[in-house]
Chemist: 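The structure is given below, and queries will be raised subsequently.
Residue numbers run from 1 in the order of the sequence given.
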Amino acid sequence: MKSIEMLNKSHFNKLNFFLNAQLKHKKFKQVNKTAGFTLIELMVAMILAVLVITPLLGFMINILDTDRKEQAKINSEQEIQTALDYIAQDLQQAIYIYDADGIKAIRNQLLDYSSSDRVPVLVFWKRKFEKEAIELKKVTSSKTKNDAFVYSLVTYYLIQDNKTNDAKNIWSNQYRIARFELNDGIEPDDEYNTKVTSEYIQKPDPGFAKFDLSIQGTLEQKMNAWKKDGIYSRSQSADVLVDYVDSSQGFKTIDCKSIFPKSKKNKDSLKVPALNGVLNNASFYACVDIDNTTAKIFLRGNALARIEENNYGYKDDVKSYFPSASINVKGRGFIGVE
């Protein structure tokens with residue numbers, strides 16, 4: 001009886017061991033099954049990720065590109081307007097503005113007249129204010145220096161990109177506007193300090209000569225007869241005012257006769273620049289009425305050239321990237337004829 005019980009107990013232990021082993025094996029398989037992914041599951045997950053991420057990535061790239069273009073457009077608009085405002089303030093001091101006939105007459109007297117990469121657009125005389133330029137003989141507690149006025153000839157150039165002369169390659173492949181001013185000197189007067197015996201308090205710029213009103217003819221003829229005195233210095237150069245002025249061709253300029261219908265000059269004489277050629281486009285030009293010392297200036301930029309290496313020319317579908325502005329300016333100075 002006892003042997004039978006021992007035999008049954010032995011069979012029970014074996015059965016119990018077998019069942020435990022099976023249960024552990026099943027549990028191990030389940031753990032392993034839930035611990036990873038099958039190849040099909042991975043492929044499905046990757047496809048879903050691509051379908052979701054790709055549109056989002058494209059959307060983000062589009063937002064960044066749009067933001068970049070809008071920023072370039074805003075910068076261009078601000079620079080064009082700032083440059084135009086600067087030119088307008090400068091031109092308000094003018095006593096005489098050269099029209100197309102006048103620029104042709106004095107072209108060979110201007111700085112860099114032989115350069116093929118630039119053309120003079122605005123050329124005018126102005127009376128320039130020099131604050132506290134003259135030291136007085138009698139020094140008082142309230143005033144030790146006196147102000148002075150000098151004449152200067154100002155020229156605004158439209159310059160084409162020239163990699164040969166632009167060794168540092170700091171400018172764009174568009175046009176740019178540069179300004180050059182030729183100043184008269186400041187002469188001493190009766191109240192000037194006697195310790196200084198120089199002919200000038202401030203010497204004239206090399207090449208400067210004042211216009212001569214004593215010669216015969218009309219005011220226009222007298223101003224067109226101006227000639228520089230000597231030669232310019234190698235250190236004299238025009239300072240760039242603004243870059244990214246549009247170089248796109250094919251634009252038509254406004255008929256200047258419609259701007260100044262009472263002028264006796266024809267439309268070709270009213271419009272500057274005066275020289276024909278590749279730079280004679282509609283990106284920077286002006287209509288000039290010499291009788292009233294008045295000019296209307298037109299300026300257009302190119303924001304697309306800031307962000308595109310190619311294909312930055314004007315098209316109707318991207319015209320918002322070519323900001324333009326204009327302003328009408330009357331010189332406040334006056335020049336008399338004796």
Side-chain angles (χ1 to χ4, degrees), residues 80 83-85 87-88 90-110 113 116-126 153-160 175 177-179 211 217-226 241-242 245-302 314 316 319 322-335 337:
I80 290 298
L84 198 62
D85 291 342
I87 295 172
D90 201 15
L91 200 57
Q92 284 176 351
Q93 304 176 58
I95 60 173
Y96 186 85
I97 309 173
Y98 286 96
D99 61 7
D101 296 335
I103 291 180
K104 287 180 181 178
I106 67 169
R107 176 72 177 93
N108 292 348
Q109 307 301 316
L110 300 177
Y113 73 90
S116 60
D117 67 339
R118 64 195 61 198
V119 61
V121 177
L122 284 173
V123 183
F124 57 92
W125 286 94
K126 74 174 188 178
L153 180 66
V154 179
T155 306
Y156 282 90
Y157 293 94
L158 181 64
I159 302 178
Q160 185 182 26
Y175 294 161
I177 297 173
R179 179 185 183 276
F211 48 84
T218 64
L219 176 61
E220 180 182 1
Q221 290 171 336
K222 293 177 180 181
M223 301 304 286
N224 290 355
W226 176 79
L241 177 65
V242 64
V245 177
D246 185 32
S247 64
S248 301
Q249 302 295 312
F251 285 91
K252 292 183 179 180
T253 58
I254 290 178
D255 184 356
C256 290
K257 198 66 177 179
S258 65
I259 304 296
F260 302 118
K262 295 182 179 181
S263 175
K264 298 178 181 179
K265 306 294 282 294
N266 60 48
K267 63 179 183 179
D268 293 331
S269 298
L270 293 173
K271 188 182 79 68
V272 291
L275 305 179
N276 295 322
V278 66
L279 292 180
N280 189 16
N281 71 349
S283 60
F284 178 45
Y285 72 100
C287 298
V288 176
D289 181 9
I290 59 173
D291 294 328
N292 295 296
T293 320
T294 305
K296 185 164 186 177
I297 310 156
F298 301 86
L299 182 58
R300 186 180 67 252
N302 188 334
Y314 179 86
D316 288 336
K319 61 182 179 181
F322 294 80
S324 61
S326 63
I327 192 169
N328 196 50
V329 185
K330 180 175 177 56
R332 297 174 180 174
F334 176 77
I335 183 168
V337 182

Chemist: Compare every heavy atom of Gly102 with every heavy atom of Asn224, then report the nearest pair and how far apart it is.
Modeler: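 Looks like OD1-CA, 3.3 Å.
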
Chemist: I need the Phe251 CZ to Phe298 CZ distance, nearest 0.5 Å.
Modeler: 14.0 Å

Chemist: Judged by atom type as modelled, is there a donor-acceptor pair below 3.5 Å linking the side chain of Lys252 to the main-chain atoms of Ala282?
Modeler: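 No, because the side chain of Lys252 does not come within donor-acceptor range (under 3.5 Å) of the backbone of Ala282.
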
Chemist: Under a 4.5 Å cut-off applied to non-hydrogen side-chain atoms, are Lys262 and Asn292 in contact?
Modeler: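 In short, these two side chains do not touch, never coming nearer than 4.5 Å.
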
Chemist: Could you tell me whether the side chain of Val154 reaches within less than 4.5 Å of the side chain of Gln93, counting heavy atoms only?
Modeler: no

Chemist: Using a cut-off of 6.0 Å, state whether more than 12 heavy atoms not belonging to Lys257 lie near its atom NZ.
Modeler: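 Result for NZ/Lys257: enclosed.
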
Chemist: On a heavy-atom basis, which atom in Ile177 and which in Tyr156 lie closest, and how many Å separate them?
Modeler: CG2-CD2, 4.0 Å

Chemist: Donor-acceptor pair, Tyr113 side chain versus Ile106 backbone, under 3.5 Å?
Modeler: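 Here the side-chain-to-backbone pair does not exist.
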
Chemist: Do the two ring centres, one from Phe211 and one from Tyr96, sit under 6.0 Å apart?
Modeler: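 No, too far apart.
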
Chemist: Could you walk me through whether Arg179 and Asp90 pass side-chain contact (heavy atoms from CB on, under 4.5 Å), step by step?
Modeler: CA-CA 11 Å; Arg179 179 185 183 276; Asp90 201 15; 2.8 Å; yes

Chemist: Which distance, rounded to the nearest 0.5 Å, do you find between the OH of Tyr314 and the CG of Asn302?
Modeler: 11.0 Å

Chemist: Indicate whether any N or O donor in one side chain lies under 3.5 Å from an N or O acceptor in the other, for Thr294 and Asp289.
Modeler: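 No.
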
Chemist: Counting only heavy atoms not in Lys330, do more than 12 sit closer than 6.0 Å to its NZ atom?
Modeler: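 Yes.
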
Chemist: Hey, could you give me the CD1/CZ distance between Ile103 and Phe124, rounded to the nearest 0.5 Å?
Modeler: 11.0 Å

Chemist: Let me confirm one number: the NZ-OG1 distance from Lys267 to Thr253, rounded to the nearest 0.5 Å.
Modeler: 8.5 Å

Chemist: Check side chain to side chain donor-acceptor pair (under 3.5 Å) between Asp291 and all other residues, then give those that pass, not counting sequence neighbours.
Modeler: none

Chemist: For Ser324 and Arg300, indicate whether the former's side chain and the latter's backbone hold a donor-acceptor pair under 3.5 Å.
Modeler: no

Chemist: Quick one: pull up OG1 in Thr293 and CZ in Arg332 and give me the separation to the nearest 0.5 Å.
Modeler: 13.0 Å

Chemist: Show the numbers, then the answer: is there a side-chain contact (heavy atoms from CB on, under 4.5 Å) between Leu153 and Tyr98?
Modeler: CA-CA 11 Å; Leu153 180 66; Tyr98 286 96; 4.2 Å; yes

Chemist: Check whether any side-chain heavy atom of Leu158 sits under 4.5 Å from a side-chain heavy atom of Val245, and report yes or no.
Modeler: yes

Chemist: Would you please classify the geometry between the Trp226 ring and the Trp125 ring as parallel, tilted or perpendicular, with 30° and 60° separating the classes?
Modeler: perpendicular

Chemist: Set out, in order, the CA-CA distance, both residues' side-chain angles and the distance that settles side-chain contact (heavy atoms from CB on, under 4.5 Å) for Lys296 and Ser326, then state yes or no.
Modeler: CA-CA 7 Å; Lys296 185 164 186 177; Ser326 63; 4.0 Å; yes

Chemist: Stepwise, does the side-chain contact (heavy atoms from CB on, under 4.5 Å) test hold for Phe260 with Val288?
Modeler: CA-CA 8 Å; Phe260 302 118; Val288 176; 5.7 Å; no

Chemist: What closest approach, in Å, do Ala286 and Cys256 show between heavy atoms, and which atom pair accounts for it?
Modeler: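 Taking Ala286 first and Cys256 second, the nearest heavy atoms are O-SG, 4.2 Å.
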
Chemist: Any side-chain heavy atom of Leu270 sitting closer than 4.5 Å to one from Asp99?
Modeler: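 Side-chain contact under 4.5 Å: no.
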
Chemist: How far does CD1 of Ile87 sit from CZ of Phe284, to the nearest 0.5 angstrom?
Modeler: 4.0 Å

Chemist: For Thr155 and Pro120, which heavy atoms make the closest approach, and how far apart are they?
Modeler: CG2-CB, 4.0 Å

Chemist: What are the two closest heavy atoms between Pro273 and Tyr285, and how far apart are they?
Modeler: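 Minimum heavy-atom contact is CD-CB, 3.8 Å.
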
Chemist: So which heavy atom on Ala295 is nearest to which on Leu91, and how close?
Modeler: CB-CD2, 3.8 Å

